[in-house]
**Q** 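Have a look at this one.
Starting from 1, each residue takes its place in the sequence as its number.
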Amino acid sequence: AGNKHLCYIESSGSLYCAGDNTYNQTGPGDYKYYTTFNETEYKGVKMVACGARHTCFVDVTGLWCFGMDISSVVAETPQSNYTATKISSDISKIVQLSVGWMQMCYLTSD
């Protein structure tokens with residue numbers, strides 16, 4: 001759960017999110033508040049973590065983040081209202097994902 005949003009992974013691997021979407025932290029890019037869970041476009045999701053105003057997830061293709069990027073979580077140059085941006089393609093060793101107020105980190109099996 002994030003500051004005002006939350007997400008979960010359905011058994012099929014589909015990502016669902018609800019709550020505040022002011023910064024696109026629930027994913028659909030329309031910046032509406034979702035009072036019910038909305039299925040996102042992201043499939044094959046293995047893990048998800050919600051931060052204050054951003055969300056990160058691991059799927060079969062990589063590590064992705066979307067939402068407000070005030071501390072360069074999503075890209076080199078801080079901006080806001082990002083759609084999903086791939087952070088890494090090397091996900092084979094990621095075992096845990098954590099997202100905080102303005103940061104993201106992950107633990108590998110190494």
Side-chain angles (χ1 to χ4, degrees):
N3 188 34
K4 295 181 183 176
H5 74 289
L6 58 144
C7 298
Y8 75 91
I9 305 165
E10 191 177 63
S11 60
S12 68
S14 293
L15 181 63
Y16 286 77
C17 297
D20 184 16
N21 194 36
T22 303
Y23 305 101
N24 194 40
Q25 65 266 46
T26 64
D30 57 13
Y31 311 105
K32 293 193 285 185
Y33 192 98
Y34 285 90
T35 57
T36 59
F37 281 94
N38 178 54
E39 183 177 8
T40 68
E41 63 187 278
Y42 312 114
K43 312 295 182 215
V45 177
K46 308 282 186 200
M47 58 184 87
V48 63
C50 298
R53 295 181 179 121
H54 62 290
T55 300
C56 297
F57 67 92
V58 174
D59 70 5
V60 296
T61 66
L63 168 59
W64 300 80
C65 293
F66 53 87
M68 190 171 193
D69 184 34
I70 41 187
S71 62
S72 300
V73 170
V74 175
E76 295 287 327
T77 306
Q79 297 181 27
S80 357
N81 306 331
Y82 265 95
T83 56
T85 300
K86 187 182 281 189
I87 306 300
S88 175
S89 295
D90 183 17
I91 58 164
S92 60
K93 296 180 181 181
I94 296 177
V95 295
Q96 187 174 347
L97 176 64
S98 181
V99 179
W101 180 253
M102 295 187 283
Q103 70 276 352
M104 178 274 301
C105 58
Y106 56 90
L107 178 67
T108 64
S109 59
D110 291 343

**Q** Hey, quick one: are Phe66 and Val45 part of the same hydrophobic cluster, counting side-chain heavy atoms closer than 4.5 Å, chains of contacts allowed?
**A** yes

**Q** What class does the angle between the rings of Phe37 and Tyr8 fall in, given that below 30° is parallel, 30 to 60° is tilted and above 60° is perpendicular?
**A**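 If you compare the ring of Phe37 with that of Tyr8, the planes turn out perpendicular.
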
**Q** So which heavy atom on Thr55 is nearest to which on Gln25, and how close?
**A**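 Looking at all heavy atoms of both residues, the shortest contact is OG1-O, 2.7 Å.
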
**Q** Calculate, to the nearest 0.5 Å, the distance between atoms NE2 and SG belonging to His5 and Cys50 respectively.
**A**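 Those atoms lie 4.0 Å apart.
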
**Q** Treating Ile, Leu, Val, Met, Phe, Trp and Tyr as nodes and any side-chain heavy-atom pair under 4.5 angstrom as an edge, say whether Ile9 and Trp64 lie in one connected cluster.
**A** yes

**Q** For atom NZ of Lys43, decide whether the heavy atoms of other residues, nucleotides or ligands shown that lie under 6.0 angstrom number more than 12.
**A**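 Yes.
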
**Q** Identify which one of Leu63, Val58, Val95 satisfies the side chain to side chain contact (heavy atoms under 4.5 Å, CB included) criterion when paired with Met47.
**A** Val58

**Q** Any side-chain to backbone donor/acceptor pair from Thr40 onto Leu15? Under 3.5 Å, distance only.
**A**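 Yes, Thr40 side chain to Leu15 backbone: donor-acceptor pair under 3.5 Å.
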
**Q** Measure the OH-OG1 distance between Tyr106 and Thr108 for me, rounded to the nearest 0.5 Å.
**A**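 Rounded to the nearest 0.5 Å, the OH-OG1 separation comes to 7.5 Å.
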
**Q** Are Asp59 and Thr61 close enough that a side-chain donor and a side-chain acceptor fall under 3.5 Å?
**A** yes

**Q** Consider only side-chain N and O atoms of Asp20 and Asn3, and report whether a donor and an acceptor are under 3.5 Å apart.
**A**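 Result is no, nothing qualifies.
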
**Q** Nearest 0.5 Å please: distance from the CE atom of Met104 over to the CG atom of Leu97.
**A**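 That separation rounds to 7.0 Å.
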
**Q** Work out which heavy atom in Ile87 is nearest to a heavy atom in Cys65; give both atom names and the distance.
**A** CG1-SG, 3.9 Å

**Q** Would you name the heavy atoms of Gly100 and His54 that are closest together and state the gap between them?
**A**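 Scanning both residues, the minimum pair turns out to be O-CE1, 3.4 Å.
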
**Q** With the side chain counted from C-beta on, respond yes when Lys4 and Thr22 share a heavy-atom pair under 4.5 Å apart, and no when they do not.
**A**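 No - every pair of side-chain heavy atoms lies 4.5 Å or more apart.
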
**Q** Got a second to check how far Tyr31's OH is from Asn24's CG, nearest 0.5 Å?
**A**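 Nearest 0.5 Å value for the OH-CG distance: 4.5 Å.
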
**Q** If hydrophobic clusters are built from ILVMFWY residues whose side chains come within less than 4.5 Å, do Val99 and Leu6 share one?
**A**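 No; tracing contacts between hydrophobic side chains, which count when under 4.5 Å, never links both residues.
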
**Q** May I have the step-by-step check of disulfide bond (SG atoms under 2.5 Å apart) for Cys7 and Cys17, ending in yes or no?
**A** CA-CA 4 Å; Cys7 298; Cys17 297; 2.1 Å; yes

